Amino acid sequence: MRVCEAMRAGLFIALIAAAWLGGQVQESLAQKRLPASPSETAKALRKESTPRKETGRSADPYTVGFVTGTPQCTEFAIAQDIATTLAGGQETGPRGEVALRVLPIVGNGGIRNVLDVLTLAGADVAIAPVVLVDRLRETRTFGDISDKLTYIAPLHIEEFHLLARLEIRSLSELSGKRVNLGDDGSAGAILGREVLNRLGVKVSESNLGPEAALDGLRKGDLSAALLVSGKPVSFLTQVSQLDDIHLLPIPYSKELLQQDYLPSTLRHQDYPNIIAAEASVDTIAIKSALFAYNWPSGNERFRLLEFFVQTLFARFPEFLGDAHHPKWREVNLAALLPGWQRFRPAERWLQQQSGGEAALRKAFGRFLEGKPTANPPDREELFRDFLRWRERNPDK
């Protein structure tokens, strides 16, 4: 009898302890959530410990680990484009093996992408927003990452897609409403929180994945949901005007957003199912880039990454066709990423192809011969055309 009573007392104490510990964990997690203001965000980011890269030998020394966003986002489609395109046209070994494979790894499009490249032995490259990686470096969230990360090339811009119920007609009407910003730690959660804060819109934040957020919008549990990804996002083909959902404009403020964000526009041709013909929706965007772990030059992963870059750059014109995502046409391999060092084999490849900046500009002048004088924005677009032309005509 006394044994039973002792057991019941012990069980009761264990339950009390578990409940107390659960409360402590929840409180700890709440304290780690990134605040709304940029200054508070910087303070919170500094609390993380410095990660270490796993250096064990990879199970497959011919596979590049490519960290990307969720399967619903454009960045995952870009990684798939690379994986499937580079897998073709290679000689195979006696057992069907190929010299180079690219393995997409699902991330959250934000901090997780960077952390995976900094820590996982099989994670070599990642697509990540430039502004977010800059913040991680400046706040030393993961220590000094200046020498741990390098970049291969800037990529496309990622637009802010703010889906809202039809009764919400302006950003200010979201004040006090429940708004999904995406998984905690994602670009949408961190930067979306910051943008809303800068624009003076205080919301009740939710952190659901894309599918759950869309379901919440349809049911009326959410007033709006943010998705940060390069347009057009194939996932948004699931959205229809019949769902009583539309894309809400995000006004671009030079004073409040110019330092980190770009103005952009979503058009009918991007989303014909939710944007009327001849209509458009103003929004903002951020730059993305292909970052890589800065492996030592004698490491087998360095040699694999070098082969990956040579193959990707040499076959880059293949990605500009209609069979691939339109965002490829925004990519300028030769563009620079201020404040970051380019992966040395990528820099060498570009120099060999262009013969240096002076020769590249001279060739661009030949490309413009016979064309009317262009305004600066048109000239930038022409420069992208020139780079694609250059890839197809290396001898000119």
Side-chain angles (χ1 to χ4, degrees), residues 34 38 41-58 61 63-69 75 79 82 102-103 105 107-155 185 187 190-191 259-260 286-313 331-352 357:
L34 297 175
T41 297
K43 292 177 183 177
L45 289 173
R46 290 194 188 101
K47 297 177 183 178
E48 300 293 334
S49 59
T50 302
R52 291 186 179 182
K53 184 74 167 177
E54 297 174 359
T55 56
R57 187 178 180 86
S58 173
T63 299
V64 172
F66 195 125
V67 188
T68 181
E75 291 63 46
I82 293 175
V102 177
L103 178 65
I105 302 172
N108 66 1
I111 290 179
R112 171 54 58 184
N113 289 29
V114 180
L115 185 59
D116 284 347
V117 169
L118 290 173
T119 58
L120 301 182
D124 301 286
V125 299
I127 297 177
V130 174
V131 62
L132 187 57
V133 183
D134 283 344
R135 295 277 176 77
L136 293 174
R137 179 182 59 180
E138 292 162 5
T139 58
R140 300 177 73 88
T141 306
F142 303 130
D144 186 3
I145 62 174
S146 300
D147 296 329
K148 293 182 180 180
L149 282 182
T150 184
Y151 79 98
I152 292 173
L155 295 179
I190 296 173
L191 301 178
Q259 183 178 353
D260 302 311
I286 51 176
K287 297 177 182 178
S288 69
L290 184 58
F291 290 92
Y293 187 75
N294 194 16
W295 292 106
S297 57
N299 188 284
E300 66 171 8
R301 305 302 296 182
F302 178 94
R303 293 189 291 271
L304 176 63
L305 200 55
E306 180 177 19
F307 183 41
F308 165 75
V309 166
Q310 292 170 348
T311 307
L312 175 64
F313 281 19
V331 178
N332 173 3
L333 294 178
L336 301 176
L337 197 58
W340 290 95
Q341 180 184 0
R342 197 192 296 266
F343 182 53
R344 293 188 301 279
E347 187 65 37
R348 281 198 302 270
W349 192 96
L350 290 169
Q351 289 177 353
Q352 290 168 359
E357 184 178 354

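Model, not experiment: these values are computed from the prediction.
Sequence neighbours left out, the pairs with a member in residues 331-345 that pass salt bridge (charged side-chain N to carboxylate O under 4.0 Å, His left out) are R342-E347.
Remark: R303 engages no residue in a salt bridge (Lys or Arg N to Asp or Glu O under 4.0 Å) (not counting sequence neighbours). Judged as a ring pair (Phe, Tyr, Trp, His ring centres under 6.0 Å), and not counting sequence neighbours, the contacts of Y293 are W295. By the ring pair (Phe, Tyr, Trp, His ring centres under 6.0 Å) test, Y151 pairs with no residue at all, sequence neighbours left out. F291 pairs by the ring pair (Phe, Tyr, Trp, His ring centres under 6.0 Å) definition with W340, not counting sequence neighbours. Residues satisfying the salt bridge (Lys or Arg N to Asp or Glu O under 4.0 Å) test with D260, not counting sequence neighbours, are R135, R198.
Side-chain N or O atoms of N113 include one that pairs as donor or acceptor with a backbone N or O of N108 at under 3.5 Å. Under a 3.5 Å cut-off, the side chain of R137 and the backbone N or O of G339 do form a donor-acceptor pair. Of the possible donor and acceptor atoms, none in the side chain of N294 sits under 3.5 Å from a partner among the backbone N and O of T150.
Proximity of I152 to F313: side-chain heavy atoms (C-beta onward) are separated by under 4.5 Å at one or more points. Between I286 and V130 the shortest side-chain heavy-atom distance does not fall below 4.5 Å. Proximity of F308 to D124: side-chain heavy atoms (C-beta onward) are nowhere separated by under 4.5 Å.
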Stepwise, does the side-chain contact (heavy atoms from CB on, under 4.5 Å) test hold for L290 with L312?
CA-CA 12 Å; L290 184 58; L312 175 64; 4.3 Å; yes
Any chance you could lay out the side-chain contact (heavy atoms from CB on, under 4.5 Å) test for L118 and L149, step after step, and finish with the verdict?
CA-CA 8 Å; L118 290 173; L149 282 182; 4.1 Å; yes
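The shortest heavy-atom contact between V331 and P154 is CG1-O, 3.8 Å.
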